[in-house]
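Notes follow once the structure below has been shown.
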2 protein chains.
Amino acid sequence: MIKITIQEVSEKYNLTKDTLRYYEKEGLIGPITKNASGVRDYSEADLARIEFVKCMRSAGLSIGVLREYMRLYDEGDYTKDERIKLLEGERDALKEKIRLMQDAYKKLEFKIQNYQKGIW
Amino acid sequence: MIKITIQEVSEKYNLTKDTLRYYEKEGLIGPITKNASGVRDYSEADLARIEFVKCMRSAGLSIGVLREYMRLYDEGDYTKDERIKLLEGERDALKEKIRLMQDAYKKLEFKIQNYQKGIW
DNA sequence: TTACTACTTATAGTATACTCTAAGTCAAGT
DNA sequence: ACTTGACTTAGAGTATACTATAAGTAGTAA
């Protein structure tokens with residue numbers, strides 16, 4: 001009866017079962033359908049959303065922002081513009097973060113290459 | 001008598017005074033010399049280190065890693081190889097993080113450009 | 001001298017994102 | 001029937017990085 005268990009999802013995306021339940025509780029994914037015994041059965045759509053959430057979390061988007069985005073989505077089509085604005089804001093913040101990290105990367109690389117000349 | 005106050009450093013680097021004292025307590029900077037009244041007076045070398053720490057923090061290097069690096073530095077020249085290894089490790093981790101963020105950036109950009117086609 | 005402001009310390013509190021524990025349920029194998 | 005193992009929940013605990021509070025000191029201006 002159960003097709004995709006939390007165990008399988010956990011292994012596929014390298015997220016702990018606790019994290020998957022936590023994301024669900026926080027409204028980032030799901031609610032996941034459960035069988036008669038209350039056991040979760042993930043759909044393909046659930047998996048696609050998990051992949052998206054994982055990707056965004058790895059880029060530093062907060063739980064709060066992702067929850068807000070999903071909340072807007074659930075509110076209906078009329079929130080589309082607001083959702084796009086939210087995504088644009090996150091995209092711009094991400095761009096700046098990437099810039100800072102690339103700057104740090106260059107500094108680290110220089111420091112490693114010229115270590116003897118460094119102060120610390 | 002005092003040349004560079006915590007107030008000035010705070011404004012120059014856009015770090016709160018609390019954060020500057022916190023970094024010092026955690027061994028990331030200083031110890032900063034204090035005048036007879038116990039008030040901090042930052043040197044140019046202190047500032048350079050603060051700038052480095054700020055840059056590395058903005059890239060996500062942890063307090064723990066930066067403390068460890070400074071601890072090794074204080075231990076002496078013989079820790080040089082270990083320090084370089086530490087920096088190389090952080091550089092590689094940073095590279096991977098930049099990759100993940102660029103991936104998320106592209107996904108976000110695509111989602112924004114093709115919003116109507118998206119699922120959420 | 002008094003008032004004000006900026007500094008000091010130690011310690012407590014907050015935000016974020018998990019991560020773990022306890023107690024219990026359920027289905028399958030022996 | 002019993003044991004095993006994976007699932008469930010609610011809620012507590014942890015790690016990281018600040019951030020705020022309280023109580024006190026020191027220097028300056030009126």
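Every chain is numbered from 1 and lettered A, B, ... according to where its sequence line falls, protein lines coming before strand lines. All figures in this text were calculated on a predicted structure; none of them were measured in a lab.
Residues passing the side-chain contact (heavy atoms from CB on, under 4.5 Å) test with Lys107(B) are Cys55(A), Met56(A), Asp103(B), sequence neighbours excluded. Remark: Phe52(B) engages Trp120(A) in a ring pair (Phe, Tyr, Trp, His ring centres under 6.0 Å) (not counting sequence neighbours). Applying the side-chain contact (heavy atoms from CB on, under 4.5 Å) test to Glu75(B) and every residue at least two apart in sequence or in another chain returns Arg71(B), Leu72(B), Tyr78(B), Thr79(B).
Two residues, Gln7(A) and Ile63(B), neighbour DNA chain D, and the one matched to the more 5' nucleotide by heavy-atom proximity is Gln7(A).
OP1 or OP2 of dC7(D) has not a single side-chain nitrogen or oxygen of Ser37(A) nearer than 4.0 Å. Close to dA17(D), at under 4.0 Å from its OP1 or OP2, lies no side-chain N or O of Arg67(B). Between Lys34(A) and dT9(D) there is a side-chain N or O to OP1 or OP2 distance below 4.0 Å.
The two residues Leu15(A) and Lys54(A) make their nearest non-hydrogen contact at CD2-CG, 4.3 Å.
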Taking distance alone, no hydrogens or angles, what donor-acceptor pairs closer than 3.5 Å link side-chain atoms of residues 85-96 of chain A to residues at least two apart or in another chain?
residue: Arg91(A); atom: NH1; partner: Glu109(B); partner atom: OE1; Å: 3.0
residue: Glu96(A); atom: OE1; partner: Arg99(A); partner atom: NE; Å: 3.0
residue: Glu96(A); atom: OE2; partner: Arg99(A); partner atom: NH2; Å: 3.0

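Between the OH atom in Tyr13(A) and the CD1 atom in Ile50(A) there is a gap of 6.5 Å [rounded to 0.5 Å]. Taking CD1 from Ile98(A) and OH from Tyr105(B), the interatomic distance works out to 7.5 Å, rounded to the nearest 0.5 Å.
Counting heavy atoms from C-beta on, the side chains of Ile4(B) and Ser43(B) never come closer than 4.5 Å.
Of all the residues in residues 18-30 of chain B, Asp18(B), Thr19(B), Tyr22(B), Tyr23(B) reach under 4.0 Å from DNA chain D with at least one non-hydrogen atom.
For DNA chain C, the span of nucleotides reached by chain B at under 4.0 Å from its heavy atoms goes, 5' to 3', from dC7(C) to dT11(C).
Summarising the geometry, the separation between CG on Asn35(B) and P on dA26(D) is reported as 10 Å, rounded to the nearest angstrom.
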